[in-house]
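Worksheet for the structure shown next.
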Amino acid sequence: MRKTRNLRIAVQRSGRLSESSVGLLRRCDVGFDNGLGKLRSTARDFPLEIFFLRDDDIPRYIEDGVADVGIVGENILEESGSNTDIVERLGFGKCRLSIAVPRGDAYTSLADLAGKRIATSYPNILGRHLCQHNVEAEIHTISGSVEIAPGIGLTDAVCDLVSSGSTLLTNGLTEVETVMMSEAVLVRRRELDAELEAIFASLLFRIRAVGAAARNKYILLNAPNEKLAEVVKLLPGIKSPTVMPLAEAGWSSVHSVIGAADHWNIVERLKAAGAEGILVLSIDQMIG
Ligand code: ATP
Ligand code: ZN
């Protein structure tokens, strides 16, 4: 009998996306070990093999057929020019690729950078952006510590990844222009045979269920029946809230699912509307 094949997924070995990528697979109940220094691991409960790689190499590995799918920042994908397909945005690793200039330098538009030197690890994305705006500048490609380039007199500006902006601040730089927004995405090779396609569909089903769960909370509360209408109005639920009578006459228990983003706001309004014993629970997986 032929052994079932494994789908091969590439994730970042060690860096900003590693923990969330591994965490996502774990929440999909794909058990594996990823001890320090491991390059690959086979999942125990799912036909999946995990490759731990440098993020820059992931698009190429997928294109070359060494891996089938991967988790990588959109910035890396865009820079590589790879023709892998984005299947799902994953909501972590959020950042932006921005142009920054020394604090105090006059800057009104991209045209101010004409003839200037810009340090970046993203020459392709920056080159395209400058070209789209008809600005000619000198791009200095460096692979790390881009933010120090103006300080040491190498360039006049930088084009680098920013999340909080604190690295720019400590290096005396001001962000003046966003070139692209980025987050971690799930990518796949275009051509997968039927067997791998089926495994990928199962993995994607789980990833979507985990993603939906993370964006929502399960809420339970008690409310006196005369306040029920007002309480229920605040709770959309998947279809609509579940309302059940409590053992104590005149009271009901209400169950619902609410968005995690502003759930504190809803909880406060529920309390003000007369709800009591409010419980807010995390959801592991949610299938609509
Ligand atoms: P590797 O050793 O795998 O090449 P790296 O040093 O190139 O790692 P990291 O700094 O770990 O990469 O960043 C990985 C990804 O995390 C980036 O490509 C980007 O998509 C995302 N990211 C989120 N916020 C930031 C940030 N503030 N700075 C850099 N990357 C960020
Ligand atoms: Zn990298």
Side-chain angles (χ1 to χ4, degrees), residues 10-12 14-21 23-24 54-59 70-114 116-151 154-187 211 214-215 260-262:
V11 301
Q12 192 187 21
S14 118
R16 292 171 197 264
L17 303 183
S18 309
E19 206 181 303
S20 300
S21 304
L24 174 61
R54 282 202 58 199
D55 64 350
D56 315 64
D57 297 334
I58 291 176
I71 297 177
V72 71
E74 281 174 288
N75 51 302
I76 295 285
L77 204 62
E78 183 79 14
E79 180 65 20
S80 73
S82 109
N83 66 350
T84 52
D85 291 336
I86 295 182
V87 184
E88 190 82 354
R89 314 178 77 76
L90 298 173
F92 59 84
K94 287 191 177 172
C95 59
R96 52 197 186 273
L97 184 65
S98 288
I99 295 176
V101 300
R103 200 177 311 134
D105 278 16
Y107 182 94
T108 47
S109 76
L110 204 63
D112 296 347
L113 294 174
K116 298 280 173 67
R117 298 161 302 170
I118 312 173
T120 190
S121 305
Y122 296 87
N124 296 328
I125 301 176
L126 176 61
R128 276 197 296 275
H129 188 77
L130 292 172
C131 189
Q132 272 162 17
H133 292 83
N134 295 314
V135 174
E136 269 187 50
E138 205 180 296
I139 299 176
H140 276 250
T141 306
I142 45 182
S143 57
S145 303
V146 167
E147 67 283 355
I148 65 166
L154 181 67
T155 63
D156 306 294
V158 302
C159 174
D160 202 7
L161 293 175
V162 186
S163 42
S164 70
S166 59
T167 310
L168 292 182
L169 199 67
T170 47
N171 285 281
L173 301 169
T174 308
E175 193 176 347
V176 290
E177 182 106 17
T178 304
V179 176
M180 85 172 275
M181 303 293 289
S182 179
E183 68 183 272
V185 289
L186 178 70
V187 293
R215 290 189 296 275
D262 67 339

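What you see below is based on every heavy atom in this structure, not just the backbone, and it leaves out hydrogens, waters and symmetry mates.
Remark: Leu130 CG to Glu138 CD distance equals 12.0 Å, nearest 0.5 Å. With rounding to the nearest 0.5 Å, the separation of CG in Asn83 from CG in Leu77 is 9.5 Å. For the atom pair Leu90 CG and Leu24 CG, the distance stands at 6.0 Å (nearest 0.5 Å). A distance of 10.0 Å separates CG of Asn75 from CG of Asp160, quoted to the nearest 0.5 Å.
Residues Thr167 and Val162 have side chains not in contact (no heavy-atom distance under 4.5 Å, counting atoms from C-beta outward). Proximity of Leu97 to Glu79: side-chain heavy atoms (C-beta onward) are nowhere separated by under 4.5 Å. Looking at heavy atoms from C-beta onward, Asp156 lies out of side-chain contact with Leu113 at the 4.5 angstrom threshold. Contact of the Pro59 side chain with the Val187 side chain is not registered, since no non-hydrogen atoms from C-beta on lie closer than 4.5 Å. Glu177 places a side-chain heavy atom less than 4.5 Å from the side chain of Tyr107. Residues Ile118 and Leu126 form a side-chain contact, since some pair of their non-hydrogen atoms from C-beta on lies under 4.5 Å apart. Side-chain atoms of Arg16 and Ser18, non-hydrogen and from C-beta on, never get closer than 4.5 Å to each other. In this structure the side chain of Asp112 never reaches within 4.5 angstrom of the side chain of Val176, judged on heavy atoms.
Here the side chain of Gln12 pairs a donor or acceptor atom with the backbone of Leu17 at under 3.5 angstrom. A donor-acceptor distance shorter than 3.5 angstrom exists from the side chain of Arg96 to the backbone of Ser163, with no hydrogens or angles considered. Judged by distance alone, with hydrogens and angles left aside, the side-chain atoms of Ser182 form no donor-acceptor pair with the main-chain N or O of Cys95 at under 3.5 Å. A donor-acceptor distance shorter than 3.5 angstrom exists from the side chain of Ser121 to the backbone of Ile142, with no hydrogens or angles considered.
When all heavy atoms of Cys159 and Val179 are compared, the closest pair comes out as SG-CG2, 4.2 Å. Across all their heavy atoms, Val185 and Arg89 have their closest contact at CG1-CA, 4.1 Å. Minimum interatomic distance between Glu183 and Gly91 (heavy atoms only, all atoms of both residues): OE1-N, 2.7 Å. Across all their heavy atoms, Val101 and Ala157 have their closest contact at CG1-CB, 4.0 Å.
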Go through the steps for Glu175 and Leu173 under the test side chain to side chain contact (heavy atoms under 4.5 Å, CB included), then give the verdict. CA-CA 7 Å; Glu175 193 176 347; Leu173 301 169; over 6 Å; no
Run the numbers on Leu168 and Thr174 for side chain to side chain contact (heavy atoms under 4.5 Å, CB included), then give the verdict. CA-CA 7 Å; Leu168 292 182; Thr174 308; over 6 Å; no
Glu19 vs Ser21, test: side chain to side chain contact (heavy atoms under 4.5 Å, CB included). Steps then yes/no. CA-CA 6 Å; Glu19 206 181 303; Ser21 304; over 6 Å; no
Between His129 and Met180, is the side chain to side chain contact (heavy atoms under 4.5 Å, CB included) condition met? List the steps. CA-CA 9 Å; His129 188 77; Met180 85 172 275; over 6 Å; no
